[in-house]
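Below, read A as the first sequence line, B as the second, and so on, with proteins coming before strands; counting in each chain starts at 1. Quick caveat: nothing in here was measured; it's all calculated off a predicted structure.
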2 protein chains.
Amino acid sequence: MAQRVPVASIQQYSQEHLREVLNTAGRRLTPQREKVLSLFQNLGPGHHLTADDVHHHLKQSGKKVSLATVYRSLKLLVDIRLLDEGEWQEGLHCYELRQGGSKAHHHMVCMRCGHTEEFISEVITAASRDVSQVTGFELTEVRLILRGICRRCRQRSKATAEALL
Amino acid sequence: MAQRVPVASIQQYSQEHLREVLNTAGRRLTPQREKVLSLFQNLGPGHHLTADDVHHHLKQSGKKVSLATVYRSLKLLVDIRLLDEGEWQEGLHCYELRQGGSKAHHHMVCMRCGHTEEFISEVITAASRDVSQVTGFELTEVRLILRGICRRCRQRSKATAEALL
DNA sequence: ATGCCTGCAAAGGATTTGCACCCTA
DNA sequence: TAGGGTGCAAATCCTTTGCAGGCAT
């Protein structure tokens, strides 16, 4: 297991990384963009937020960023590959902090409570690479979503069923 | 390989299946719903259409079904599990005929031309089951999307690059 | 200073919904 | 005949965009 790096460092690093990447592209590091990125960093990896979630979180923290700007920043951060975007729950476009390395992590979404777990599978990654290679496909992204009912919800419904007997 | 069943039979079967399922649920088989389902059946499996695509296709065939009804029918057909819904291309909700069996088929989408290939991987299916089992997750659906550049587009851009020399 | 960014509000696109009429079961 | 379905248009929801002023570089 990789050692956990202090949050402060991660933030520091990405803040600089962000400024650098932006400036190189002739774009700017603004307080708004910083706030959006910080939100994800403070929550830590594994959190999936919609644009609206981000807007609300920031508003509650007293950090005002307009919704339009939230949308613009999220898109930007995805371009820069600091965030990932996906529709894990039907109809909900969410963003999450991009995991440090090249590890493709996958999602397991509970259709009852919406809880999302992440996992990594070397087998699946390898299989994806194989399929791509055979097809002459240049693989950029592997995205796997398992949908179903999580353990907690299964136990809950089991308990409910028993109570009805 | 399973023997290929004549299209007519499939249609026949699903038409009846559709009526049966609907009636059982106190709902009705209408010409509109039939037209929407037929469109997918006539195109055959592997076609991904948006609600708007369906609307246009039907209009061109002289079969008028209002867009609102197309939306309502698509949702219904997904509920009945005759169609599958997915966002394979960013921001495009598409529908496709649900493959007969329990085989989870996956998608490989070219980010340049939008072409979509399908494939089946026993390895990935098995790995998904394993992960679910370990986590106590009741698996309902496995959805894998590989994004990248298809062979044709790679060759095309290679040719273009050479022409520029 | 320059011109990229922001906030606001309006525009836009996709999907849903209310309602009066229609038609299947 | 009853009540689910349809078409139409209006309403919603989510996201993008135009514009005037603001602020990094």
Which nucleotide wins on minimum distance to the side chain of [X], given the candidates [options]?
X	options	answer
B:Arg19	C:dT15, D:dT25, C:dA25	C:dA25
A:Tyr71	D:dT15, C:dT16, D:dC8	D:dT15
B:Val65	C:dC8, C:dT16, D:dG7	D:dG7
A:Thr69	C:dT15, C:dG7, C:dA25	C:dG7

Which residue lies more 5' along DNA chain C, comparing B:Arg72 with B:Leu92 via nearest heavy atoms
B:Leu92
At what distance, to the nearest 0.5 angstrom, does [atom1] of [X] lie from [atom2] of [Y]?
X	Y	atom1	atom2	answer
B:Leu144	B:Ser128	CG	OG	8.0 Å
A:His105	A:Ile124	NE2	CD1	13.0 Å
B:Gln41	B:Leu83	CD	CG	9.0 Å
A:Ile149	A:Arg154	CD1	CZ	9.0 Å
A:Leu82	A:Arg33	CG	CZ	12.0 Å

Can you measure [X] atom [atom1] to [N] atom [atom2] for me and round it to whole angstrom units?
X	N	atom1	atom2	answer
B:Leu22	C:dA25	CG	C1'	12 Å
A:Leu18	D:dA24	CG	P	14 Å
A:Leu76	C:dT6	CG	C1'	13 Å
A:Leu67	C:dG7	CG	C1'	11 Å
A:Glu16	D:dA24	CD	P	15 Å
B:Glu85	C:dA14	CD	P	15 Å
B:Leu74	D:dG5	CG	P	15 Å
A:Lys64	D:dG22	NZ	P	18 Å

Using only side-chain N and O atoms of A:His93, determine if any of them is under 4.0 Å from OP1 or OP2 of D:dT15.
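Checking D:dT15 against A:His93, a side-chain N or O does come within under 4.0 Å of OP1 or OP2.
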Name the one of B:His47, B:His107, B:His93 that satisfies ring-ring contact (aromatic ring centres under 6.0 Å, His included) with B:Trp88?
B:His107
According to a hydrophobic-cluster definition based on side-chain heavy atoms being under 4.5 Å apart (Ile, Leu, Val, Met, Phe, Trp, Tyr only), do [X] and [Y] belong together?
X	Y	result
A:Leu77	A:Phe40	yes
A:Leu22	A:Val78	yes
B:Met111	B:Met108	no
B:Leu97	B:Phe119	no

Residues in contact with DNA chain D, drawn from residues 27-37 of chain B - heavy-atom cutoff 4.0 Å
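Result for residues 27-37 of chain B: B:Arg27, B:Arg28, B:Thr30, B:Gln32, B:Arg33, sorted by number.
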Of all of residues 50-57 of chain B, which get a heavy atom below 4.0 angstrom from DNA chain D, listed by number?
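By residue number: none to list.
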Report the end-to-end axis angle of the helix from C:dA1-D:dT25 to C:dA25-D:dT1; each axis comes from five terminal pairs, and the value is rounded to 10°.
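The angle, to the nearest 10 degrees, is 40°.
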Quick one: do A:Glu90 and A:Arg147 make a salt bridge, cutoff under 4.0 Å?
yes
State, with a plain yes or no, whether a side-chain heavy atom of A:Thr50 is found less than 4.5 Å away from one of A:Cys94.
yes
